[in-house]
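Scroll down for the structure; my scribbles are underneath it.
Keep in mind the model is a prediction, meaning the values are calculated, not measured.
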Amino acid sequence: MSSSILLFVVSVCIFKSVLLLVIAKEHKPNYAVTFDKEKLKSNAFLPVINGVDCDMSTDRTYCWVNCEQDQVGYSDHCCRCVCRRGFALGTDRRSCIRVSWTPWESWTPCLSTEWGGLETRSRRCRTKHATDATGRCVGAGSQSRTCSRITKTFIIRKNIRSLTEEETFDILQALARFKQDNSTNGYTNIISWHGWPYRCPWNKKFPGHKDGHCSWHTDLRFCAWHRLITLQLEMGLNKYLRNKTLGIPYWDWTESDWDDIPFYFRNITIHDPYINQTYPNPFNPSVMPGHKPINGIPYPVHAQRGMSISGLLASNYMLRGTIRSLLANNYQFFDLQLEQNPHNQIHVCFCNETQIVNATSKKKRCHYGMPTTPYAAWDPAFLLHHSQMDRLYALYRLLREKLGIQDWTQERMFHGYKMATQVSSTKESVENLRKDVYFKFNMPLSPFCNVTMNPNHVTGRKGTWTTAGSYHFEQLFGYRYDNFNLDRKPWQVLLADMKLKFKRPNWDEDSAPFVSLLKPSLGLITNYTSYPVSGTKVCVGKNEQFLPQGQF
């Protein structure tokens with residue numbers, strides 16, 4: 001009797017199993033994913049776009065979404081499907097379509113230089129339906145190679161802490177002489193290109209340039225334009241150097257063991273033992289020739305300083321912003337984060353209103369210093385700061401070369417800005433954004449492209465004075481960096497950071513928080529901990545809203 005009951009139970013179980021298999025074949029399973037909000041935040045699952053199955057209930061912790069690759073995220077009470085690298089999300093926002101590269105285009109004609117020259121080629125990422133899938137393919141979208149013989153020695157930009165005593169005094173004496181050079185290739189003329197009104201009057205038609213200045217900020221041309229002016233200043237300085245292989249040194253403000261600002265900015269005079277002379281420190285703020293007298297400022301007018309030491313030594317805060325920018329999936333995010341912090345941190349804190357003794361002229365005095373575009377470059381700290389900024393721009397490229405994901409193309413640039421602006425999906429709006437990005441990427445940068453204003457054969461060489469062209473600095477401009485370490489830690493750790501990022505379900509979202517292997521003690525790196533909310537508080541205090549106590 002018992003064996004008959006057992007046989008019946010087994011038969012029922014088998015029948016149920018077969019029935020479940022039949023149902024499973026007819027219907028795809030619906031994935032139920034339970035989310036712990038705090039755990040999600042700590043693991044960087046914070047997608048922000050293309051939400052589906054939204055519920056505005058504040059206590060929602062369940063998302064039911066049928067995703068082909070069974071990966072969903074949670075943000076603003078919404079779930080969304082995501083696809084792994086090598087796939088693009090379908091129009092139904094749930095399926096994943098495999099993507100692939102088109103064949104490589106032909107190499108561009110050789111742009112010959114003294115440092116190996118340059119050829120480039122590119123390819124595009126497409127779905128099997130031939131639709132655009134930029135940013136979704138695994139691998140590189142662009143490649144470069146040298147194409148001419150190297151005939152000239154490379155200039156090396158070194159950490160100011162790595163300079164020998166002889167190199168340090170060589171830089172100082174050369175800058176002192178360079179600042180007296182009033183020729184077309186001299187210090188005064190080049191410095192005025194940054195923000196002096198009407199140096200580039202044709203720029204007046206562009207937003208933010210009504211005074212006709214030349215430089216670009218909060219714009220995809222920011223890094224490229226400042227690369228060119230730093231190079232222009234370096235070549236002018238080189239004329240007066242005894243050691244012709246020295247470049248403009250960089251001040252690595254990510255190093256946490258600084259206990260004071262570099263001595264370049266502290267000493268009033270310099271005694272040079274190699275020439276046995278004492279002279280004014282050339283890194284003191286520069287005289288602005290021909291500037292009209294200003295009430296409350298001694299004449300002749302110098303660039304103004306009111307340095308906030310705590311703000312200039314906020315290394316951990318600047319390192320967060322630096323790492324966050326370098327790991328960006330899109331150039332737009334890299335450029336914006338890098339400019340806001342760390343770039344602006346140094347500019348603002350070199351002349352902070354709270355450090356000015358004469359209260360009646362606080363606002364006016366700092367207007368004539370590092371915090372403002374017209375006057376920033378007149379403080380020689382600009383040289384050391386932008387040598388460091390360019391080093392980070394170079395590291396951005398190096399990381400992508402090493403990982404085999406370089407994609408320096410106008411299509412990739414457009415994709416990043418389209419994602420960031422969340423432009424409306426109308427064909428007209430998308431095409432207008434595309435035209436704007438393509439124009440900026442390939443626009444000749446003034447005054448470098450102007451043969452009348454710029455006789456320099458290196459920065460004036462056709463094909464090098466665009467954002468697209470100036471990216472490959474070694475082959476075109478002949479300078480290198482001694483290393484790319486941050487806070488004296490090997491830069492290669494950032495490669496591991498990027499590999500981990502690619503394994504996350506939301507790998508394509510640059511806003512997601514993370515902890516960097518380069519320096520885990522930085523804590524969670526987020527928008528909240530990487531952006532300033534007030535220039536004054538950034539420079540003189542520990543603002544707990546974005547900078548935890550003890551991080552200065």
Side-chain angles (χ1 to χ4, degrees), residues 108 111-118 120 144 152 154-155 157 178 181-206 208-209 211-239 247-248 335 339 343 373-374 376-378 382-383 385-387 389-391 393-394 397 408 410 413 437-479:
T108 58
L111 178 56
S112 180
T113 71
E114 302 92 321
W115 303 283
L118 179 69
T120 62
S144 64
K152 200 168 183 179
F154 286 88
I155 285 174
R157 295 181 183 176
F178 181 38
D181 187 343
N182 295 317
S183 68
T184 303
N185 288 319
Y187 178 85
T188 302
N189 183 56
I190 298 171
I191 285 298
S192 70
W193 291 350
H194 183 264
W196 229 232
Y198 307 112
R199 292 311 315 269
C200 294
W202 44 84
N203 279 355
K204 292 175 68 175
K205 62 183 177 181
F206 299 115
H209 284 73
D211 63 351
H213 70 270
C214 300
S215 63
W216 293 95
H217 298 83
T218 319
D219 184 277
L220 69 81
R221 292 161 285 196
F222 167 71
C223 286
W225 194 94
H226 285 82
R227 166 167 286 176
L228 291 170
I229 194 172
T230 303
L231 174 63
Q232 194 93 11
L233 289 164
E234 183 171 72
M235 297 185 74
L237 179 70
N238 188 265
K239 177 181 177 181
I248 294 177
D335 182 69
E339 183 174 0
H343 170 264
T373 299
W378 292 98
F382 180 93
L383 280 71
H385 178 42
H386 275 278
S387 183
M389 289 297 299
D390 186 76
R391 187 173 79 108
Y393 185 28
R397 175 190 167 216
W408 192 247
Q410 59 185 14
M413 188 71 73
V437 171
Y438 285 13
F439 170 76
K440 292 176 179 178
F441 192 59
N442 298 289
M443 171 186 168
L445 298 174
S446 298
F448 311 102
C449 62
N450 189 314
V451 294
T452 302
M453 295 180 68
N454 179 30
N456 188 303
H457 78 285
V458 176
T459 58
R461 184 184 280 122
K462 186 177 181 180
T464 64
W465 29 247
T466 65
T467 300
S470 61
Y471 191 58
H472 304 278
F473 63 98
E474 290 188 41
Q475 306 98 303
L476 299 182
F477 304 133
Y479 68 89

* pair Asn450-Trp202: side-chain heavy atoms closer than 4.5 Å -> yes
* Considering the options Asn189, Thr459, Thr184, which one meets the side chain to side chain donor-acceptor pair (under 3.5 Å) requirement together with Asn454? -> Thr459
* Parallel, tilted or perpendicular: rings of Phe382 and His194 (30°, 60°) -> perpendicular
* Asked: Step by step, would you call Leu118 with Thr113 a side-chain contact (heavy atoms from CB on, under 4.5 Å)?
  -> CA-CA 8 Å; Leu118 179 69; Thr113 71; over 6 Å; no
* Would Lys440 and Trp216 count as a side-chain contact (heavy atoms from CB on, under 4.5 Å) if you check the C-alpha gap in whole Å, the side-chain angles of each, and the deciding distance to 0.1 Å? -> CA-CA 11 Å; Lys440 292 176 179 178; Trp216 293 95; over 6 Å; no
* Asked: Which atom names give the shortest non-hydrogen contact between Thr464 and Ser470, and what distance separates them?
  -> O-CB, 3.3 Å
* Asked: Measuring from Trp225:CH2 to Leu445:CG, what's the distance to the nearest 0.5 Å?
  -> 9.0 Å
* Hey, does Trp378 have a side-chain heavy atom less than 4.5 Å from the side chain of Trp196? -> yes
* Asked: Side chains of Asn203 and Ser446: donor-acceptor distance under 3.5 Å anywhere?
  -> no
* Asked: Can you list the steps and then say if Met413 with Trp408 is a side-chain contact (heavy atoms from CB on, under 4.5 Å)?
  -> CA-CA 7 Å; Met413 188 71 73; Trp408 192 247; 3.7 Å; yes
* What's the verdict on side-chain contact (heavy atoms from CB on, under 4.5 Å) for Phe477 and Leu228, showing C-alpha distance, side-chain angles and the deciding distance? -> CA-CA 9 Å; Phe477 304 133; Leu228 291 170; 3.7 Å; yes
* Gap between atom CG of Asp390 and atom CZ of Arg227 - 0.5 Å precision -> 4.0 Å
* **Inter-residue atom distance Gln475.CD - Leu111.CG, 0.5 Å rounding** => 10.0 Å
* State, with a plain yes or no, whether a side-chain heavy atom of Phe448 is found less than 4.5 Å away from one of Ile229. => yes
* Asked: Any side-chain heavy atom of Ser144 within less than 4.5 Å of one from Glu474?
  -> no
* Under 3.5 Å side-chain donor-acceptor pair for Asn182 and Thr188 -> yes
* Asked: Angle class for the Trp115/Phe154 ring planes (parallel below 30°, perpendicular above 60°, tilted otherwise)?
  -> tilted
* Under a 4.5 Å cut-off applied to non-hydrogen side-chain atoms, are Glu234 and Leu237 in contact? -> no
* To do: Consider only side-chain N and O atoms of Asp181 and Ser183, and report whether a donor and an acceptor are under 3.5 Å apart.
  => yes
* To do: Can you label the angle between the His386 ring and the His226 ring as parallel, tilted or perpendicular, going by 30° and 60°?
  => parallel
* Asked: Do you know the tightest heavy-atom contact between Met235 and Asn456?
  -> SD-ND2, 3.4 Å
* Asked: If you round to the nearest 0.5 Å, how far is CG of Leu233 from CD1 of Ile248?
  -> 5.5 Å
* Once you round to the nearest 0.5 Å, how far does CG of Asn238 lie from CZ of Phe178? -> 10.0 Å
* Asked: Checking His209 side chain against Ser215 main chain: does a donor-acceptor pair fall under 3.5 Å?
  -> yes
* **Which atom of His217 lies closest to which atom of Thr373, heavy atoms considered** => CE1-CG2, 3.8 Å
* Asked: Where does the angle between the aromatic ring planes of Phe206 and Phe439 fall among parallel (under 30°), tilted (30 to 60°) and perpendicular (over 60°)?
  -> tilted
* To do: Identify the two heavy atoms, one from Asn185 and one from Pro455, that lie closest to each other, and give their separation to 0.1 Å.
  => OD1-CG, 3.7 Å
* **Pairwise distance NE2(His213) to CH2(Trp193) - rounded to 0.5 angstrom** => 15.0 Å
